[in-house]
Amino acid sequence: MLALLLVLPVAADLLGHPYYVSLASRLTLIAMAAVGLNLALGYGGMISFGHAAYFGLGGYIAGIGAYHAFDATAFMGLLPGSDNLLVLWPLAMLACGLLALLIGAVSLRTTGVYFIMITLAFAQMVYYFANSWPTYGGQDGLPIYLRNQLPGLDTQDPLTFFLVCFTGLVLAMALTSRLMGSRFGAALTMARLNETRLATAGISPYPIRLLAFVVSAMITGLAGALYADLNGFVSPSMLSWHMSGELMVIVILGGVGRLYGPLAGAVLFIGMETLLGGLTEYWQLFLGLVLLGVVLFARHGVMGWLDGGESPGREPHE
Amino acid sequence: MSDAVLTLEGLHKRFGALTATDDVSLTLRRGEIHALIGPNGAGKSTLIAQIAGNLRPDAGRVLLDGEEVTALSVAARARRGLGRSFQVSSLAEPLTVIRNVMIGVQAVSGHSFRFWTPVHRDRRLLEPAMAALARMGLEHRAWTPVAALSHGERRALEVACALALEPRALLLDEPMAGLGPEGSARLTELLESLKQEVPILLIEHDMQAVFRLAERLSVLVAGRVIAHGDVDTIRRDPRVRDAYLGE
Ligand SMILES: Nc1ncnc2c1ncn2[C@@H]1O[C@H](COP(=O)(O)OP(=O)(O)O)[C@@H](O)[C@H]1O
Ligand SMILES: [Mg+2]
């Protein structure tokens, strides 16, 4: 599936269809954001309805960096702007990590529907904050006139930028796979399946969950930073609860706690949006039906259906 | 006094108007099985929960090897060597047997903030986990999902999970419940072989097993210890006969 995602845009670029290259970049970044969410929601069982906060914060950091670099002004009069992605990416991840540490530390004191609601509430706070901060466009958003730069690469070139996004997705998936195979992953899996067993085995669930939540937000935040650069624009819509909901839908469609689930979900989601969205503005109705079908008949999503519906948390094949 | 591994001092616990634990003090000594018997609803599981840290007592102290652990979390007590099994099995059903045991080894052999080495080939986790399974006669089931185990195997697995902690004391809440005579006999033998290594506070209704295994007994009725002593003393105690043995 990853190979296909790599080959198609390269072909599209050679055939002179830059639209399809940027569509593939979009799909890749949405998938990457969902890979982040999947770590919390799928592997950790933490149903975050507020991951747009990290997606959007990552986006705003790319946007604000570019804004100040363009103007040669400083952020809050202190930090100079930067259009160097090697500066902006770590910054975006750091900021998202800190925000998630704060939000997670509070939210993880609750469970179930309270957790869902409190993560949503925090994300809404961030959303309204961005909406009402006129320096950075308020509700109109913030344009990025020149895509941020990577030394030695031409990020303005659609295919180059796609390859950067693709690398990000692959790294995020590799990190997820490695983490989930480690001791930390074993503890996170047990925190999801049976919290009492984990504590009885001598491991406190809270710090394990909190760290997974932070890493999850950092991945989604990096995807958000790339997404803002792709669109040349960042606005509060990246922070809205619709965005959180879309990411959740993608993870559930693809299969929660499946390595390839977010990618499969993103392909399905963006595929339906592109194909049906051109025919009818009610395409989300069909999305709803597919989602209903997945939840009712294929509990483990597209990936579960493809590989026979075993439950996640099974042994890795040795 | 010095050979007390686990000491309870004046534990009290109320649920609303109900006194579930009423001034309970007892000790568990090295090399012994101390049985806690009493009718259903006497407060045995509630007492175990206070020792293990799932419930906070309203008053009283819990000491492990002379150190107070009353304020510690479940996980912290487990790391200090308090292993337990539940009256109703609490295992991760979709995972394999060995995974359920390895998680305990993981806690005592360092910490869980290791992010890179795959656990499925980590011998420092696999070998102690296998050894704990072997103690309970479950090594041939290591790679089976828990969901496929029989009831008896689950009871044994709970004990194996506790053993993975290299515990200083074991708390077993009705490990023989629902096992049938054959299963009970087998588990009785296994526990007998364990007690030199790790003392056990055993809650059990199977009196045959209790009288065979235990050095000392405490009888709990309505949250209170009404009698306490060795097997013969308890057998002869008229209050115990009235309240519990029903003879
Ligand atoms: N969390 C709780 N809240 C209220 N009452 C409880 C709770 N846990 C146990 N009880 C009550 O405490 C008493 C003792 O229960 P328990 O410790 O399970 O008894 P045993 O294990 O000896 O059968 C029972 O009457 C039970 O209903
Ligand atoms: Mg009980």
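Computed over heavy atoms, backbone and side chain alike; hydrogens, waters and symmetry mates excluded. First the proteins, then the strands, lettered A, B, ... as listed; each starts at 1.
A search for salt bridge (Lys or Arg N to Asp or Glu O under 4.0 Å) contacts involving Arg121(B) returns nothing, not counting sequence neighbours. Taking the salt bridge (Lys or Arg N to Asp or Glu O under 4.0 Å) definition, one finds that Arg197(A) meets it with Glu158(B), sequence neighbours left out.
Annotation: maximal heavy-atom pairing with chain A below 4.5 Å, among Met102(B), Arg79(B), Gln106(B), occurs at Gln106(B). The candidate from Asn100(B), Val105(B), Asn54(B), Leu125(B) with the greatest count of non-hydrogen atom pairs under 4.5 Å with chain A is Leu125(B). Here Ala107(B) is the residue among Ala107(B), Cys161(B), Ala78(B) with the most heavy-atom pairs under 4.5 Å with chain A.
Here the straight-line distance linking atom CD of Glu93(B) with atom CG of Asn194(A) works out to 9.0 Å at 0.5 Å rounding. We find the CE-CG distance between Met190(A) and Leu95(B) to be 5.0 Å, quoted to the nearest 0.5 Å.
Interface remark: Ser90(B) contributes backbone and side-chain atoms alike to the contact with chain A (heavy atom separation under 4.5 Å). Of the atoms belonging to Asp122(B), it is side-chain heavy atoms, and not backbone ones, that fall under 4.5 Å from chain A. Ser109(B) touches chain A through backbone and side chain together, each having a heavy atom under 4.5 Å away. Only the side chain of Leu165(B) comes within less than 4.5 Å of a heavy atom of chain A; its backbone N, CA, C and O stay farther away.
At a heavy-atom cut-off of under 4.5 Å, chain B is reached by Leu175(A), Arg178(A), Leu179(A), Gly181(A), Ser182(A), Arg183(A), Phe184(A), Ala186(A), Ala187(A) from residues 175-187 of chain A, listed in order of number. Listed in order of number, the residues of residues 199-217 of chain A that approach chain B to under 4.5 Å between heavy atoms are Ala199(A), Thr200(A), Ala201(A), Gly202(A), Ile203(A), Ser204(A), Pro207(A), Ile208(A), Leu211(A).
The 12-atom threshold is not exceeded at OH of Tyr114(A), counting heavy atoms of other residues, nucleotides or ligands nearer than 6.0 Å. Residue Ile47(A) places its CD1 atom among 12 or fewer non-hydrogen atoms of other residues, nucleotides or ligands, all under 6.0 Å distant.
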